[in-house]
Trainee: 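For reference, the structure I am asking about is given below.
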Amino acid sequence: MSHRSNRVSPTTSSSTQSPRLLLTQHNAAVKALAWCPFHRGLLASGGGTADRTIKFWNTNSGSLLNSIDTGSQVCSLLWSKHQREICSSHGFSENQLILWKYPTMTKIQEFKGHTARVLHMEQSPDGGCVVSAAADETLRFWDVFGSPPSKRKRDGGLFGMSSNGGSLQGGLNVIR
């Protein structure tokens, strides 16, 4: 990726091939990317401190579909495997995760606990649990997306525990 021009474009040093598409609307470093699992060609991107936006792109046409100011740098993005939702992780000043309803981008819930920038997120294989990695040297496990639809009918939630407002506290410690 080109860091000097704040553009999303693949580059290779051994080729003179031009990118198929060049998107330039972010106003700071692009820090997060996530392909939508339910809409072909839909890409979400997140901008750094001077940008603070999540942008949604039609990669077939190159058009910007929507841009949401989140209020802080966007460090990571993760789509739900089961719902039309996207989770963003952030840095200064709240260092939180935010769950959004797509496409309205209505804020569903905030997940707070990290004391420094949340650098990365990954989803459990069943799609319910999200683990976040932060500059505070911790991994934190959150029940962000809930249990998959079929699992919700069988038990009380992820790992057999009921959801308690977003975090899995039932005996799980912060890992340092």
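Index from 1, following the sequence.
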Trainee: Which heavy atom of Val130 sits nearest a heavy atom of Leu97, and at what distance?
Mentor: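 Where Val130 meets Leu97 most closely, the heavy atoms are CG1-CD2, 4.2 Å.
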Trainee: The criterion is salt bridge (charged side-chain N to carboxylate O under 4.0 Å, His left out); which residues satisfy it with Arg117, sequence neighbours excluded?
Mentor: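 Testing Arg117 for salt bridge (charged side-chain N to carboxylate O under 4.0 Å, His left out), a comparison that skips the adjacent residues, returns none.
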Trainee: With distance as the sole test, does His82 use its side chain to make a donor-acceptor pair with the main-chain N or O of Gly128 at under 3.5 Å?
Mentor: no
Trainee: Going through the distances and angles, do Trp35 and Thr59 end up as a side-chain contact (heavy atoms from CB on, under 4.5 Å)?
Mentor: CA-CA 10 Å; Trp35 287 104; Thr59 61; 3.5 Å; yes
Trainee: To the nearest 0.5 Å, how far apart are CG in Leu99 and CZ in Phe111?
Mentor: 5.5 Å
Trainee: Looking at every non-hydrogen atom in both residues, tell me the closest pair between Thr115 and Asp136 and how far apart they are.
Mentor: N-OD2, 2.9 Å
Trainee: Of all the heavy-atom pairs spanning Asn60 and Asn58, show the shortest one and how long it is.
Mentor: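 The answer is N-OD1, 2.8 Å.
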Trainee: Can you name the closest pair of heavy atoms from Cys75 and Gly91 and give their distance?
Mentor: SG-N, 3.8 Å
Trainee: Could you verify whether a donor N or O on one side chain and an acceptor N or O on the other, from Ser132 and His120, lie under 3.5 Å apart?
Mentor: no
Trainee: For Ser72, which residues count as a side chain to side chain donor-acceptor pair (under 3.5 Å) partner, sequence neighbours excluded?
Mentor: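 In terms of side chain to side chain donor-acceptor pair (under 3.5 Å), with neighbours along the sequence ignored, Ser72 is linked to His90.
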Trainee: Please name all residues satisfying side chain to side chain contact (heavy atoms under 4.5 Å, CB included) with Ser93, sequence neighbours left out, ordered by chain then number.
Mentor: none
Trainee: State, to 0.1 Å, how close Cys129 and Phe141 come at their nearest heavy-atom pair, and which atoms those are.
Mentor: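 Reported closest heavy-atom pair: SG-CD2, 4.0 Å.
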Trainee: Roughly how far, to the nearest 0.5 Å, is the NE2 atom of His114 from the CG atom of Asn95?
Mentor: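 The distance works out to 8.5 Å.
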Trainee: Could you walk me through whether Leu23 and Trp57 pass side-chain contact (heavy atoms from CB on, under 4.5 Å), step by step?
Mentor: CA-CA 9 Å; Leu23 305 172; Trp57 309 91; 3.6 Å; yes
Trainee: Find the distance between OG (Ser89) and CH2 (Trp142) and round it off to the nearest 0.5 Å.
Mentor: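 One finds 11.5 Å between OG of Ser89 and CH2 of Trp142.
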Trainee: May I ask you to list the residues sharing a hydrophobic cluster with Leu65, side-chain cutoff 4.5 Å, ordered by chain and number?
Mentor: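 Traced through the cluster, Leu65 reaches Phe38, Leu42, Ile54, Phe56, Ile68, Val74, Leu77, Trp79, Ile86, Ile98, Trp100, Tyr102, Met105.
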Trainee: Give, for atom CG of Asp69 and atom CG of Asp51, the distance between the pair rounded to the nearest 0.5 Å.
Mentor: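 Going from the CG atom of Asp69 to the CG atom of Asp51 covers 8.0 Å.
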Trainee: Roughly how far, to the nearest 0.5 Å, is CG of Leu21 from CG of Leu43?
Mentor: 9.5 Å
Trainee: Give me the one residue out of His26, Lys55, Gln25 that meets side chain to side chain donor-acceptor pair (under 3.5 Å) with Ser45.
Mentor: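 Going through His26, Lys55, Gln25 one by one, the side chain to side chain donor-acceptor pair (under 3.5 Å) with Ser45 is satisfied by His26 alone.
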Trainee: Mind checking salt bridge (charged side-chain N to carboxylate O under 4.0 Å, His left out) for Lys112 and listing every partner two or more places apart, or none if nothing turns up?
Mentor: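 Salt bridge (charged side-chain N to carboxylate O under 4.0 Å, His left out) check on Lys112 returns Glu94, Glu110.
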Trainee: List in chain and number order the residues that pass side chain to side chain contact (heavy atoms under 4.5 Å, CB included) with Ala135, two or more places apart in sequence or in another chain; answer none if no residue qualifies.
Mentor: Ala116, Leu119
Trainee: Output the distance between atom OG (Ser88) and atom CE (Met121), rounded to the nearest 0.5 Å.
Mentor: 6.5 Å
